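The structure appears right after this line, and notes come after that.
For clarity, every value in this text was computed on a predicted model and none was experimentally measured.
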Amino acid sequence: MKRAMLIVNPSSGKEEALDYVEKIEKILAEKSYQVKVAQTEKELDATKYCQSACKDEFDLVVSMGGDGTLNETINGMVDQEHRPLLAIIPLGTVNDFARALNIPLEPEEAVETLYSDQIKDVDIGRFNDRYFVNIFAVGAVAEATYEVSPDQKTKFGSFAYVMEGFKTLTAHRSYPLRIEHDNGVWEGDSFLFLAALTNSTAGFEKLSPEAEVNDGVLHGYIIKQVNLVRMATIITSILRGNLRDEADVEYFTSSKIKVTSKEELMTNVDGEEGDSLPVTAEVLPSHIQVLVP
């Protein structure tokens with residue numbers, strides 16, 4: 001019999017996560033899985049559970065929770081000798097990775113995805129000694145967005161990131177950056193730099209419409225020093241999905257990126273606080289397999 005581990009964050013989905021466990025167990029039993037349920041209680045529990053599933057050669061790991069739970073689960077899977085198939089039941093506020101894979105955001109519909117036999121190979125990003133699935137960013141807006149509280153995300157959803165980011169716009173400060181990528185080096189003052197693995201970031205599915213989950217590259221956007229009027233135009237371009245066409249934006253794709261600065265700057269990785277510069281990011285092409293509708 002095949003084995004599946006269900007990693008559940010019981011506090012996610014308005015604390016309704018456990019309500020779906022019985023149905024998930026039933027579906028997986030129908031598909032000949034023996035199911036082990038592992039509930040997270042503290043930070044990094046999902047990583048440890050997933051590492052255990054890899055070591056014991058489970059066939060399937062189901063991540064049920066928000067982006068944080070999913071990120072921890074994937075961090076426990078990458079670079080393992082045996083990597084189980086990953087299924088995702090999104091119960092968070094934003095659920096960027098699930099959006100990029102067209103996994104339903106309604107829990108009841110997402111659970112039905114477990115009946116599927118469709119599998120997709122998916123890229124993972126390595127960021128120094130950690131991993132990410134959506135984006136990393138540098139700049140004032142990037143630093144502001146990881147200060148968004150769980151209450152703000154629950155109340156405002158993805159718009160919470162926009163509100164927090166707008167607080168930094170009046171300062172419109174830029175930072176000296178050096179960005180090394182496959183096609184050369186860019187040096188100059190930048191208001192914001194971001195590198196996306198998928199098309200969905202902070203709930204906005206058009207920020208990087210060119211990005212595919214398995215195209216093997218990071219999509220880099222360097223937003224230069226601009227005034228408030230130009231910034232408003234750029235924000236409109238983000239919403240319309242044509243950021244790369246803006247005159248004050250440098251766009252490139254690369255399998256590896258190194259970012260340094262003369263100033264001490266922090267990064268944002270999948271919506272959470274990352275390392276300070278310098279940082280190196282690279283793509284692990286088609287590194288995991290994900291169950292999709």
Under a plain distance cut-off of 3.5 Å, with no hydrogens placed, do Glu30 and Tyr115 share a side-chain donor-acceptor pair? yes

Residues Asn75 and Thr47: side-chain donor-acceptor under 3.5 angstrom: no

To the nearest 0.5 Å, tell me how far Asp215 CG sits from Thr198 OG1. 10.0 Å

Kindly assign one of parallel, tilted or perpendicular to the pair Phe136 and Phe193, based on the angle between their ring planes and the thresholds 30° and 60°. perpendicular

Are the side chains of Leu277 and Thr260 in touch, meaning some heavy atoms are under 4.5 Å apart? no

Residues Asn214 and Ser286: side-chain donor-acceptor under 3.5 angstrom: no

Any chance the side chains of Thr40 and Tyr49 put a donor and an acceptor closer than 3.5 Å? no

Pairwise distance CZ(Arg130) to CG(Asn71) - rounded to 0.5 angstrom: 6.5 Å

So do Glu112 and Lys23 actually touch side chain to side chain, heavy atoms under 4.5 Å? yes

Taking atom CG of Leu70 and atom CG of Leu86, what is their separation to the nearest 0.5 Å? 6.5 Å

For residues Leu218 and His181, determine if any side-chain heavy atom of one lies less than 4.5 Å from a side-chain heavy atom of the other. no

Decide if atom NZ of Lys26 counts as having more than 12 heavy atoms of other residues, nucleotides or ligands within a radius under 6.0 Å. no

